[in-house]
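Index from 1, following the sequence.
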Amino acid sequence: CVMSIIALRAWYLQDYEPISRWSGLEHITELMFQGSVLSGRDGIGELFRSPYVANLRALHLNGYDDNGHLDLDAIRELSAQTALQSLRHLDLYGNWSSWGWRRSNWMSTFVAAELLPQLEQLNLAGTALSGETVALLANSPRIANLQHLDLGENEIGERGARALVA
């Protein structure tokens with residue numbers, strides 16, 4: 001039996017080097033992190049750069065309460081990665097604490113992500129999106145392959161709604 005999914009919920013992982021270097025990661029198709037430290041300065045980028053993540057099809061990086069949220073450094077790391085070539089589902093649910101006041105800044109970085117055109121499913125529910133940030137996403141030609149976009153639990157307003165249907 002070969003394991004294909006790893007879920008680490010409410011498990012405060014702070015050092016990604018051991019899992020990034022684990023060759024068994026090449027058999028994993030889905031990784032779920034919730035409540036872990038997801039900041040760039042704490043090493044999540046090591047996971048994104050691992051040579052063993054090429055088969056990963058789904059990645060869940062979920063904020064939890066007011067702990068463990070992705071920061072702008074982590075978004076930059078994620079956006080620059082080419083090792084995640086099989087990724088089709090990205091779940092960023094609940095990440096809001098460290099980017100709420102710089103919403104357009106993180107979305108500007110994210111819409112330029114190398115991995116964005118390959119995604120089929122993107123969950124941005126509960127990420128403190130505004131109409132402005134949704135418009136940045138909706139106007140990006142890099143989301144053409146998306147089949148499912150979850151923007152629940154955000155206050156996108158009329159501007160965001162109009163951008164989505166335009």
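- Within the 3.5 Å criterion, the main-chain N or O of Ser130 finds a donor-acceptor partner in the side chain of Thr133.
- Between atom CG of residue Leu56 and atom CD of residue Glu26 there is a gap of 12.5 Å, rounded to the nearest 0.5 Å.
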Practice task
Could you go through the side chain to side chain donor-acceptor pair (under 3.5 Å) check for Gln34 and Tyr93 one step at a time?
Solution key: CA-CA 9 Å; Gln34 180 185 44; Tyr93 175 81; over 6 Å; no
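- The shortest distance between side-chain heavy atoms of Ile6 and Glu30 does not fall below 4.5 Å.
- Grouping the Ile, Leu, Val, Met, Phe, Trp and Tyr side chains by contacts below 4.5 angstrom, directly or via other members, places Leu149 with Ile156.
- Hydrophobic clustering of Ile, Leu, Val, Met, Phe, Trp and Tyr side chains at less than 4.5 Å, counting indirect connections, unites Met107 with Leu146.
- The line from CD of Gln85 to CG of Leu115 is 11.5 Å long, rounded to the nearest 0.5 Å.
- Judged by distance alone, the side chain of Asn55 and the main-chain N or O of Thr29 form no donor-acceptor pair under 3.5 Å.
- Here CD1 of Ile44 is found 11.0 Å from CG of Asp15. Values are rounded to the nearest 0.5 Å.
- Ser50 approaches Ser20 most closely through the heavy-atom pair OG-O, 2.7 Å.
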Exercise for the section: Please assess Val53 against Leu25 for the test side-chain contact (heavy atoms from CB on, under 4.5 Å), listing each intermediate value before the final yes or no. Expected result: CA-CA 6 Å; Val53 295; Leu25 196 56; 3.8 Å; yes
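- The two residues Thr127 and Asn154 make their nearest non-hydrogen contact at N-OD1, 3.1 Å.
- The existence of a salt bridge linking Glu77 and Arg49 is confirmed by a sub-4.0 Å separation between a basic side-chain nitrogen and an acidic carboxylate oxygen.
- For the pair Glu132 and Arg159, the tightest heavy-atom approach, listed with the atom from each and the gap, is CB-NH1, 3.8 Å.
- Between the CD1 atom in Ile19 and the CG atom in Leu47 there is a gap of 6.5 Å [rounded to 0.5 Å].
- Under the 4.5 Å side-chain criterion, counting only non-hydrogen atoms from C-beta, Leu137 is in contact with Ile143.
- Residues Tyr16 and Gly43 share a closest heavy-atom pair of CB-O, 3.5 Å.
- Summarising the geometry of Gln81 relative to Phe48, their closest heavy-atom pair is CG-CB, 3.3 Å, with the distance given to 0.1 Å.
- Scanning all heavy atoms of the two residues, the minimum distance from Leu136 to Val111 falls at O-CG1, 3.8 Å.
- Listed by first and then second residue, the ring-ring contact (aromatic ring centres under 6.0 Å, His included) pairs involving residues 109-129 are Trp106-Phe110 (not counting sequence neighbours).
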Residues 116-125 side chain polar contacts: donor-acceptor under 3.5 Å, at least two apart:
from   : atom 1 : to     : atom 2 : distance (Å)
Gln118 : NE2    : Leu84  : O      : 2.5
Gln118 : NE2    : Leu87  : O      : 3.2
Gln121 : OE1    : His89  : ND1    : 2.6
Asn123 : OD1    : Ala125 : N      : 2.8
Asn123 : ND2    : Asp91  : OD1    : 3.1

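- Note that the OG atom of Ser86 and the CG atom of Leu59 stand 12.5 Å from one another [nearest 0.5 Å].
- Linking ILVMFWY residues whenever their side-chain heavy atoms come closer than 4.5 Å, directly or via other members, places Leu72 and Phe33 in the same cluster.
- To the nearest 0.5 Å, the span separating CD1 on Ile75 from CG on Leu61 amounts to 8.5 Å.
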Problem - Steps toward side-chain contact (heavy atoms from CB on, under 4.5 Å) verdict (Leu164, Arg162) - result: CA-CA 5 Å; Leu164 289 169; Arg162 286 188 189 276; over 6 Å; no
